[in-house]
Amino acid sequence: MDQLENTSHYDNGYGQDEYMTQEDEWDRDLLLDPAWEKQQRKTFTAWCNSHLRKAGTQIENIEEDFRNGLKLMLLLEVISGERLPKPDRGKMRFHKIANVNKALEFITSKGVKLVSIGAEEIVDGNVKMTLGMIWTIILRFAIQDISVEETSAKEGLLLWCQRKTAPYRNVNVQNFHVSWKDGLALCALIHRHRPDLIDYAKLNKDDHLGNLNLAFDIAEKYLDIPKMLDAEDIVNTPKPDERAIMTYVSCFYHAFAGAEQAETAANRICKVLGVNQENEKLMEDYERLASELLEWIRRTTPWLENRVPEKTMSEMRKKLEDFRDYRRLHKPPKVQEKCQLEISFNTLQTKLRISNRPSFMPSEGKMVSDIASAWQGLEQAEKGYEEWLLTEIRRLERLDHLAEKFRQKATTHETWASGKEQILSQKDYDSASLSEIRALLRKHEAFESDLAAHQDRVEQIAAIAQELNELDYHDVAAVNQRCQSICDLWDHLGTLTQKRREALERTEKLLETVDQLFLEFAKRSAPFNNWMEGAMEDLQDMFIVHTIEEVQSLTAAHEQFKATLPEADSERQAILGIQNEVQKIYQNYGIRGNVTNPYSTISTEEIVVKWDKVKTLVPQRDGALQEELARQHANERLRRQFAAQANLIGPWIQTRMEEIARCALEMGGTLEDQMTQLKQYEHVIIAYKPNVDKLEGDHQLIQESLIFDNKHTNYTMEHIRVGWELLLTTIARTINEIETQILIRDAKGISQEQMHEFRSSFKHFDRVHAGKLVPAEFKSCLISLGHMGSDKKKKNGVMDTDDFRACLISMGYDLGEVEFARIMMLVDPSATGVVSFQSFIDFMTRETADTDTADQVVASFRILATDKVSMCLGHTSWQMSFGESCPQTRPITASCECPPTLDRVRWLERLIIPHFLLPFMERVTYNVPMTFTSL
């Protein structure tokens, strides 16, 4: 409770505690969960009563008992330890609001941000707002001040729970809801601080209710923590209310805080005693280590101050090796001891200062400063001894090194100079080519670079010999003799190098002139040779042309080529002149090298031969072009002749096709008149056949002449053939359709006016006069008859399924889906989805023909039976057929006999009509032959 009462350190800046800032904006929607609201009611009520009991009062209903603000102000005074302003004792609403506002202002003064919580809502008993306010008070006065390892509030309380329950099995506290459902976490907290109250080993992790009730009972009985939760609510809720769990767990934290403080005090005392003992030991160790280190420094310093030199290199190296052993083996441990001594001294002084103890004063002469001074003297002696050793060793090594270095450099130089004099005296450039001269010159330049590089070595050899003379080397005479020999050879090589360079440069200039002429010859002869080769290829190339213009273009290009021949002849003579000049240079200067041009493989003889061939091919090309021009003129005459005929025949065929198409739909008069007119068309077409045959002959001549295109006409012979065959087929098919219509008319009794009406309707909607109707056009036709359809009209002589249905409806048919499907099978057996004009005419002919219906036949039977009211059959079987005698007709057995009391008319109605007549008439209606045998 001390932590609850201690609020003086709280900072009113809202940004200090991030968790508090988040919890200020608490989610009120969560309180709408009935299970959570129930848990919060009980928990918050018990928490408030645990503090109000100290003032001798308590609450029963959390939203009712705080409405007047009196107990709310009393609760704040108890948990804060501060006095609030005097409350208003009136019972009016404004008195209650004033008291609640005083409580809310006090909460706000403690740095708590109240979001959307007003005094009116508390006075009105708003459960959500009242629970939110109590939760805010709990956060501020019971949870916010919890601090564990630099974490506070919720995180601090969660970390405290995790640390306390970490050693316990089956406990894993990660939150303040589901981690507490099994009750083991609460039992672990109690056992950690009061192991005498719970035997944790006997707990069953699956007995959630038992574990929770045990923890609640022990906390209430022994820890003075009221029972704020119901075990059943926690177990039966998928996610227990986090605020209720946090409120209850915070009571454990405050209950065990005093015990932890006592434990902390005991640990502090033990720590102080341990620190004192450790300090005493550190003092003793310091005294001992300081004495040992000072003694070692006093023994080592005289050895390092000894400067007596040795006469031999081996003895000096022995001294150096001893010094290195000292540095490598003896000194490092002492350096470590000195460092450890300083660390121990500083650590000891720090611990004494922290413990408020007097500083440690070592014995006289053993202060850190004394040890540092002695160590500094040791290092100075060590440094001087090392420098002396190195100086002496370098002095002795210098002489041996110089002598050995002189020998090595002299040997290297003599090896390099061996044979160089003979190489520089050669005259290998007299018979070399330009590329070889340049190679020799580059090689000589490399030698000069090498010679210059060896200049430093010669100077170093002389300098070493001079230094050996100054140091009075014992074998200095041999050194001087060898050095003089090297210098004399060096001077001679320099003279030979200069002479050889001059001779090489002279020869190079002479051969460069020849090389320039070779290069010019190559540059001019290669393009000229390519030109002659290209000219020969062009002059011998087979040309394939198809028009006069192409031949004329080739002729013009050939004339341009002939115009360039004089200029090409001048270039040929210039190239041959270059080669002649080269020959003169070789003869005048006596050059013994190869006269072959390195830049070109073309010889003057090759140029002369190719030029003669070009001059021979030019007149041959002239003759070939003239012959081809004459052939193309003949081909052009054939093209024009074919085009003139094709341009007449093609349009004539197209015109006849259009006339036949219009005739099929627009001709008036009787079918016989139409047949006569179509026969006349057929006669005209057949009479036109010779023109097509003549065009075939012209086409044969074109093919023989290998003419593949004709710009004078768009018609090909294949187009004419296809058009002619289509024209013959169309006129024959149209005549056949008229003949078919005549046969149908004569067979079915269709009048000329009906046929004209069918044709007129079809013609009206065949806008493009193609003899067919597309579905949209047929729908328009149906609209004209009073049925549905679209307004788009194109004609191709066919109707789709919907159009045909509409057409039938427009004629009085009331069709179902099954009946319409059956009719479509008759008019469109191929299921193309359209109805042609011929199919439409056939169907309409069948429908409008004068046929005998079932009703008419029944009426006929009634007429025959009128004078025989009680007519019966006197035999046991009866056979009949319509229009023919069929030996296979089905007999009417005894079951079909007419009863004695039934007249023949009723017998026909009951037996003959349903079973025989109606199916028969259905077949006859659609022109399907049928007898009683087929029935």
Side-chain angles (χ1 to χ4, degrees), residues 1-11 13 15-18 144-153 155-157 159-160 162-164 166-167 192-193 253-254 256-301 330-383:
M1 294 304 298
D2 294 338
Q3 293 185 6
L4 291 175
E5 296 174 359
N6 184 15
T7 60
S8 61
H9 67 281
Y10 181 74
D11 186 2
Q16 180 179 358
D17 194 330
E18 181 181 358
Q144 179 180 338
D145 294 336
I146 296 174
S147 178
V148 178
E149 296 185 4
E150 299 183 358
T151 60
S152 60
E155 290 77 7
L157 181 59
L159 180 60
W160 178 79
Q162 291 172 343
R163 293 293 175 82
K164 295 300 180 180
R192 181 63 181 269
H193 297 89
Y253 174 83
H254 293 296
F256 294 134
E260 291 181 355
Q261 290 176 358
E263 182 180 355
T264 302
N267 292 336
R268 185 179 294 114
I269 294 173
C270 293
K271 184 178 180 181
V272 170
L273 293 176
V275 168
N276 289 337
Q277 293 175 356
E278 185 179 352
N279 291 342
E280 292 293 334
K281 186 176 183 303
L282 288 175
M283 293 177 188
E284 295 174 359
D285 292 342
Y286 178 82
E287 290 287 342
R288 177 176 55 78
L289 292 174
S291 300
E292 293 176 356
L293 183 60
L294 289 172
E295 179 62 23
W296 179 80
I297 293 174
R298 281 191 292 270
R299 290 197 311 268
T300 306
T301 302
H330 302 292
K331 184 179 179 183
K334 299 304 177 182
V335 173
Q336 185 65 27
E337 290 179 7
K338 175 179 175 295
C339 180
Q340 186 62 40
L341 195 64
E342 293 175 354
I343 292 173
S344 299
F345 182 79
N346 292 332
T347 302
L348 178 60
Q349 296 291 34
T350 301
K351 290 183 176 181
L352 292 173
R353 185 170 58 255
I354 292 173
S355 304
N356 295 323
R357 298 287 301 280
S359 300
F360 168 65
M361 292 298 294
S363 302
E364 185 178 357
K366 297 180 181 179
M367 294 290 293
V368 173
S369 58
D370 297 333
I371 297 173
S373 177
W375 189 268
Q376 184 177 3
L378 175 69
E379 288 189 337
Q380 290 177 354
E382 177 184 323
K383 182 178 180 182

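Between Met283 and Leu352, some side-chain heavy-atom pair lies under the 4.5 Å cut-off.
For the atom pair CD of Glu284 and CD of Glu280, the computed distance is 7.0 Å after rounding to the nearest 0.5 Å. Atom CD1 of Ile297 sits about 10.5 Å away from atom CG of Asp370, to the nearest 0.5 Å. Here Ser344 contributes atom OG and Leu289 contributes atom CG; the two are 7.0 Å apart, rounded to the nearest 0.5 Å. Rounded to the nearest 0.5 angstrom, Lys383 NZ and Leu378 CG are separated by 14.0 Å. If you take OH on Tyr253 and NZ on Lys164, they are separated by 9.5 Å, rounding to the nearest 0.5 Å.
Between Trp160 and His193, the distance from one ring center to the other falls under 6.0 angstrom.
Counting all heavy atoms, side chain and backbone alike, Ala381 lies closest to Thr301 at CB-CG2, 4.4 Å. The heavy-atom pair separating Leu294 from Gly365 by the smallest distance is CD1-O, 3.3 Å. The two residues Ile371 and Lys366 have their closest heavy-atom pair at CD1-O, 4.0 Å. Between Arg192 and Arg163, the shortest heavy-atom contact is NH1-O, 3.4 Å. The two residues Glu287 and Pro362 make their nearest non-hydrogen contact at OE2-CA, 3.3 Å. The two atoms that bring Met367 and Tyr286 nearest to each other are C-OH, 3.5 Å, heavy atoms only.
At a threshold of 4.0 Å, the pair Lys281-Asp285 counts as salt-bridged, since one of the basic side-chain nitrogens sits closer than that to a carboxylate oxygen.
For the 3.5 Å distance criterion, the side chains of Glu292 and Trp296 fail to qualify, holding no donor opposite an acceptor.
Between the side chain of Thr347 and the backbone N or O of Ile343 there is at least one donor-acceptor pair closer than 3.5 Å. The closest donor-acceptor contact from the side chain of Glu342 to the backbone of Val368 lies at 3.5 Å or more, if one exists at all.
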Margin query: Pair Trp375, Lys334 - check side chain to side chain contact (heavy atoms under 4.5 Å, CB included), show working.
Written below: CA-CA 10 Å; Trp375 189 268; Lys334 299 304 177 182; 4.1 Å; yes
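Residue-environment remark: CD (Glu295) exceeds the threshold of 12 foreign heavy atoms within 6.0 Å.
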